[in-house]
Amino acid sequence: MTNTLYIYNTLSANKEEFKPLNKDLVGMYVCGPTVYSDVHLGNCRTFISFDTIYRYLMYLGYKVRYVRNITDAGHLENDADEGEDKISKKARLEQLEPMEIVQKYTLGFHKVLRAFNNLPPSIEPTATGHIIEQIEITKKILDKGFAYESNGSVYFDVEKYNQTENYGELSGRKIEDLISGTRALDGQSEKKSPLDFALWKKASPYHIMRWPSPWSVGFPGWHLECTAMSTKYLGKQFDIHGGGMDLKFPHHECEIAQGCASTGKKPVKYWMHTNMLTLNGKKMSKSTGNTLLPEELFSGNNKLMDKPYHPMVVRFFMMQAHYRSVLDFSSEALNASEKGFNKLMTAIKDLPQLTKSTQSSIDVQSLVDSFYQSMNDDFNTPILIAKLFEAVKYINHIKDGKATISKNDFDLLSDKITAFTFDVLGLNFIDKTDESILEPLMKIILTLRKQAKKNKDYTTADYIRDKVSEAGITIKDTREGSTWSL
RNA sequence: GGUUACGUGGCCGAGUGGCUAGGCAGUGGUCUGCAACACCAUCUACGGCGGUUCGAAUCCGUCCGUAACCUCCA
């Protein structure tokens, strides 16, 4: 079938037909997290959205190289010359080496994304592993005259760049507006203009993370790592660059400028931005503390939600909104998704038992085509889910004898509904055998056994202990009560 | 203040110049020892005011409201 994929490109503010630079090969770069604290659900939304995009591209048959960085070099907490970087600060607070902080939160990040059933990217490079590349790019930009050295630091000359290129093309900003809107911050005297951004920063005496360079012992500017790593692994020009909306300006704008200044080419063909996840109508953000951690949501150990939610339910909930829309988090909305998710999964489980007929009572091919059409329209997962529910209704009708399906159509529908649900949306059946379900279950069993013992019904009490033991669970009676273990 | 989005039924959330989004909740049924689950059917809509049009919730203007970015943030 013909599959024309349309992607909303932030650069043109329009949906554009997707044509990879190299036939069948796709290069995709997504800005990863700064690993100085736990990832919150807002962060997760972006990575789950791009995971689905990655999955669909592969499902269409593209060979995708998906690069997502880990920002493990400390960056300053604000734009002032002096200040502490986030990772060093956290290291001091927790009395750890900066790299211990990095390791801890990187592992946590991976664990959470695995719970959401995200596929790992093809390459996950770190900023500290690419200091040399960043220094090389800085040299190139200096050589081409788009940067200047000042007191051991190197800054990108935005106004110079803007003479020949268009700084602000991605975010729709004009350089004059930016200048007039800039407040004068203390200690910015090193820069020619407040718009200029650091390519290399000289380290202050107490800055822990530091590397030698031709200009000073220091550390790279925040925007530079993405340019260095995307260029290294995807080339001077690549297909898709993604990230959260909040990175559009200045981060991605600066990346375009750095790429263009160092290679003479615009680095990215399609810029994609995911919208914010909100809590109480406000953006989830580490700095404001308006956050919810995935673990808190999975365990139910939080004040905001009524009960725990399985990662697959949360993923399904996110898929019910388009990636470019703001999505608000609430118990009420999650509950609705949980029921919908179960309904979809039940129908898929019922699939093998359906009776096949000689004819189908609906046009199965066009229903299946609509799965593709939804995703081809800028990865419209909510429409896809609506179409999947159409299939669910059809499946239930067949079960009730109110509709029929032919053998061929059955094979087609089974194949596509499972492919789109599991391979594309990245959902999965909830494994009911994990300990989270055992815990409340054992509580009930122990309560019943306690009752039996109280009634001196030791036959029942022993029966329970023996049978549970056969199932691999040991019950221990202690003075404080009974406990269990696997 | 500047820039950019958005405002859809009880809730969440798509889409669109005229043809049912979908999920949840509600209501009525089927099933069931009772209940829950599941399944079937079904109601409520496009922020206010103008304009363009045969026709707009969909285009334009304006007003009101909300959010994001302009400082680190997915």
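Keep in mind that the numbers below use all heavy atoms, side chains included, and drop hydrogens, waters and symmetry copies.
Comparing the C1' positions of B:rU71 and B:rG65 gives an interatomic distance of 27 Å, to the nearest angstrom. Remark: the separation of the P atoms in B:rG23 and B:rC39 is 10 Å, to the nearest Å. On the C1' atoms, B:rU44 is 16 Å away from B:rA21, given to the nearest whole Å. Spacing between B:rA45 and B:rC11 at atom P, rounded to whole Å, works out to 13 Å. The gap from the P atom of B:rC64 to that of B:rU52 amounts to 23 Å, rounded to the nearest Å. One P atom belongs to B:rU27, the other to B:rG15, and the distance between them is 31 Å to the nearest Å. Between the C1' atoms of B:rA14 and B:rC31, the separation comes to 33 Å (whole Å). For the C1' atoms, the distance linking B:rC19 with B:rA57 amounts to 15 Å, nearest Å.
Between A:F219 and A:D85 the shortest side-chain heavy-atom distance does not fall below 4.5 Å.
Nucleotide B:rG13 holds its P atom 16 Å from the CZ atom of A:R324, rounded to whole Å. The distance between atom NE2 of A:H251 and atom C1' of B:rC70, rounded to the nearest whole Å, is 17 Å. Rounding to whole angstrom units, NZ of residue A:K282 and C1' of B:rC69 are separated by 14 Å. One can place CG of A:N280 at 17 Å from P of B:rC11, the figure rounded to the nearest angstrom. Rounded to an integer number of Å, the gap from A:N275 CG to B:rC69 P is 10 Å. Atoms NZ (A:K283) and P (B:rA67) sit 13 Å apart, rounded to a whole Å. What separates NZ of A:K387 from C1' of B:rG15 is a distance of 10 Å, to the nearest Å. Atoms NZ (A:K399) and C1' (B:rC37) sit 12 Å apart, rounded to a whole Å.
Taking only side-chain atoms of A:C31, from C-beta outward, the nucleotide of B:rC40, B:rA74, B:rC70 with the closest atom is B:rA74. Of the candidate nucleotides B:rC40, B:rA14, B:rA68, B:rA68 has the atom nearest to the side chain of A:M276. Side-chain atoms of A:R173 lie closest to B:rC70 of the nucleotides B:rC70, B:rC12, B:rA68. The side chain of A:F249 lies closest to B:rC70 when the candidates are B:rC70, B:rC40, B:rA74.
Applying the salt bridge (Lys or Arg N to Asp or Glu O under 4.0 Å) rule to A:R65 yields no partners; only residues at least two apart in sequence or on another chain are considered. Partners of A:K307 under the salt bridge (Lys or Arg N to Asp or Glu O under 4.0 Å) rule, at least two apart in sequence or in another chain, are A:E338. Looking at residues two or more places apart in sequence or on another chain, you find no side chain to side chain donor-acceptor pair (under 3.5 Å) involving A:T421.
Note: A:F116 and A:F298 meet the aromatic proximity criterion, with ring centroids under 6.0 Å apart. In summary, the aromatic rings of A:F429 and A:F422 are positioned with their centroids under 6.0 Å apart. You'll find the ring centres of A:Y29 and A:Y233 outside the 6.0 Å limit.
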ask   = What string of B, S and - do you get for nucleotides 23-30 of chain B, 5' to 3', if B is base contact, S is sugar-phosphate-only contact and - is no contact with any protein heavy atom under 4.0 Å?
value = BSS-----
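Between A:Y323 and A:C44, the residue whose closest nucleotide on RNA chain B is further toward the 5' end is A:Y323. For A:H322 and A:G244, each mapped to the nucleotide of RNA chain B holding its nearest heavy atom, the one lying further toward the 5' end belongs to A:H322.
Within 6.0 Å of NZ in A:K443 there are 12 or fewer heavy atoms belonging to other residues, nucleotides or ligands. No more than 12 heavy atoms of other residues, nucleotides or ligands shown are found within 6.0 angstrom of NZ on A:K174.
As judged by a 4.0 angstrom heavy-atom cut-off over every strand, A:G172 is placed among residues touching the sugar-phosphate backbone only. Counting non-hydrogen atoms under 4.0 angstrom, A:T288 reaches nothing in the nucleic acid. In this structure, A:L277 reaches the bases: a heavy-atom distance under 4.0 Å links it to at least one base atom across the strands shown. If you check every strand for non-hydrogen atoms under 4.0 Å, A:G32 touches sugar and phosphate atoms only.
At the phosphate of B:rA67, neither OP1 nor OP2 sits under 4.0 Å from any side-chain N or O atom of A:T278. A sub-4.0 Å separation between OP1 or OP2 of B:rC37 and a side-chain N or O of A:N342 is absent.
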note = For RNA chain B, the dot-bracket notation using Watson-Crick and G-U wobble pairs below 3.5 Å, [ ] for pseudoknot-type crossings and | for other-strand pairs, is (((((((..(((.....[...))).(((((.......)))))....(((((..]....))))))))))))....
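Between the side chain of A:S337 and the backbone N or O of A:V313 there is no donor-acceptor pair closer than 3.5 Å.
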key: Full working for side chain to side chain donor-acceptor pair (under 3.5 Å) between A:D72 and A:Y105   = CA-CA 10 Å; A:D72 61 346; A:Y105 293 112; over 6 Å; no
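Judged as a side-chain hydrogen bond (donor to acceptor under 3.5 Å, both in side chains), the pairs with a partner in residues 110-127 of chain A (not counting sequence neighbours) are, in order, A:R68-A:E124, A:H110-A:E124, A:N118-A:R315.
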